[in-house]
Protein chains: 2
Amino acid sequence: MDRRIKKSQDAIMNALISLMAEKEFEKITINEIADCANVNRGTVYFHYMDKYHILDCCIESHLEQLGEGCFPVEGTVAIDSKTSLLRTFQLMEKNADLYTTLLTNKGLPAFRNRLQEIMIEGIHKQIVDNNINLKVHKDILAQFLTSATVGVIEWWIIGSMPYSAEDITEQLWTLLELNQMIPVHIVKID
Amino acid sequence: MDRRIKKSQDAIMNALISLMAEKEFEKITINEIADCANVNRGTVYFHYMDKYHILDCCIESHLEQLGEGCFPVEGTVAIDSKTSLLRTFQLMEKNADLYTTLLTNKGLPAFRNRLQEIMIEGIHKQIVDNNINLKVHKDILAQFLTSATVGVIEWWIIGSMPYSAEDITEQLWTLLELNQMIPVHIVKID
DNA sequence: TGTAATTTGTTGAAAAAGCAACAAAAGTAA
DNA sequence: TTACTTTTGTTGCTTTTTCAACAAATTACA
């Protein structure tokens, strides 16, 4: 890719993020974004339809980075191993400001939703791979586990990471394991 | 000025400085500079003749900034007041890494020389303005005072600023005052 | 020494970015 | 509401930047 494209897009997306840290997304104008990115307004329109499009690309870009950094399996942010989960927490810890902004800006569950969407793909595979004999429907369990996980992640990052990445991983992993096992135990007891 | 020009030039000059912090100027190639600046090699040649030209521009640019930040009188880096001197030390303290690099890179007295050149202009005016009745020729005194001052600045910045900007200013100012007075006293004693 | 690998300048064509100007839309305030 | 200001998209044109390719010069090294 032409290095000018990457430079401009990076500048524009970073500008949006840094503006979102200061003010509500709806109150941000294309002019401000262009100024903050030190880029001509025309350049913004050259790459993006509107600010919602920029936000989408921001989210995808950072989810992609999160995926690359944390998971060998491409295209999925899944909980397919304990160390993957740990790496996820560590990467979010490192860019806490960024993710806090993406998660807390008023009236914008976009990032949260996308994170959950992608995670649910991964967890489906995970459940299949583990060949767990379930009494609970797979889709229900998947929804249950991803909601729980995303919820914990969100709570942890917004609350200024009250535990270390290692601790939170350990605790969450225990819960995830427990919840994947419960159906098996029930079967055994029967 | 087209914002692309400023962006490219800034990137290229910063690249040179950061490379100079790592290795000898003579061993730096245009390729490295372009890579480090994240700019096409052609862009470097579009703005500069060669790496010496880049270095010149770096030096001028930072001397200009030093002048703007420190002296109301434009175009001169002069010791025309105690607070000006203090501001000079403070600005250099703030960008100590940069100035250390410019002053210490092997076999490159370019910055030092330019600093002295500019300072000598200012000190000439200073001497005239003060209407000091001198037994010593003006040009000799100017050379004497600028050499001394630049020497102290260089020693201070390279030696990791062993005194605060305030302290070094106070001490140096005392010496400068003394040396401008000496001829006067001699006259009086006579 | 001689050969290979880098670096250097330069070129031309294509893409991106800049800028100014514009009408339309949206927001503000009297 | 009406005026006024700002923002929004869009357009045409210019400049900068990129990229790839090239021969010449320099450097590395066997």
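This structure is a prediction, so every number in the text was calculated from the model and none was measured. Throughout, protein chains are lettered first and strands after them, A, B, ... in sequence-line order, and every chain is numbered starting at 1.
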Rounded interatomic separation in angstrom, taking [atom1] from [X] and [atom2] from [N]:
{"X": "A:Asp35", "N": "C:dG18", "atom1": "CG", "atom2": "P", "value": "12 Å"}
{"X": "B:Met1", "N": "D:dT14", "atom1": "CE", "atom2": "C1'", "value": "17 Å"}
{"X": "B:Lys51", "N": "C:dG9", "atom1": "NZ", "atom2": "C1'", "value": "15 Å"}
{"X": "A:Ile30", "N": "D:dT8", "atom1": "CD1", "atom2": "C1'", "value": "8 Å"}
{"X": "B:Ile33", "N": "C:dT7", "atom1": "CD1", "atom2": "C1'", "value": "12 Å"}
{"X": "A:Tyr48", "N": "D:dT7", "atom1": "OH", "atom2": "P", "value": "21 Å"}
{"X": "B:Asp2", "N": "D:dC13", "atom1": "CG", "atom2": "C1'", "value": "14 Å"}
{"X": "B:Ile12", "N": "D:dT18", "atom1": "CD1", "atom2": "C1'", "value": "13 Å"}

Can you tell me if [X] touches the phosphate of [N], counting only side-chain N or O atoms and a distance under 4.0 Å to OP1 or OP2?
{"X": "B:Arg41", "N": "D:dT17", "answer": "no"}
{"X": "A:His47", "N": "C:dA17", "answer": "yes"}
{"X": "A:Ser8", "N": "C:dA16", "answer": "no"}
{"X": "B:Asn31", "N": "C:dT6", "answer": "no"}

### Task
Indicate whether the side chain of B:Ser147 and that of B:Gln143 have a donor and an acceptor atom separated by less than 3.5 Å.
yes
### Message
What I want to check is whether the side chains of B:Glu22 and B:Ser18 have a donor and an acceptor closer together than 3.5 Å.
### Response
no
#### Entry: Shortest non-hydrogen contact from B:Glu26 toward B:Tyr52
OE1-OH, 2.9 Å
### Task
List the atom of A:Pro162, the atom of A:Trp156, and the distance in Å for their closest heavy-atom pair.
CD-O, 3.6 Å
### Query
Charged N to carboxylate O under 4.0 angstrom, B:Arg114 versus B:Glu117?
yes
### Summary
Winner on side-chain proximity to B:Asn40, out of C:dT8, C:dA17, D:dC19, is D:dC19
### Query
5'-most contact on DNA chain D: B:Lys7 or A:Tyr45, nearest heavy atom basis?
A:Tyr45
### Query
Closest nucleotide of DNA chain D for A:Asp50 versus for B:Gln9: which of these residues is on the 5' side?
A:Asp50
### Query
With distance as the sole criterion, do the side chain of A:Arg4 and the base of D:dT17 form a donor-acceptor contact below 3.5 Å?
yes
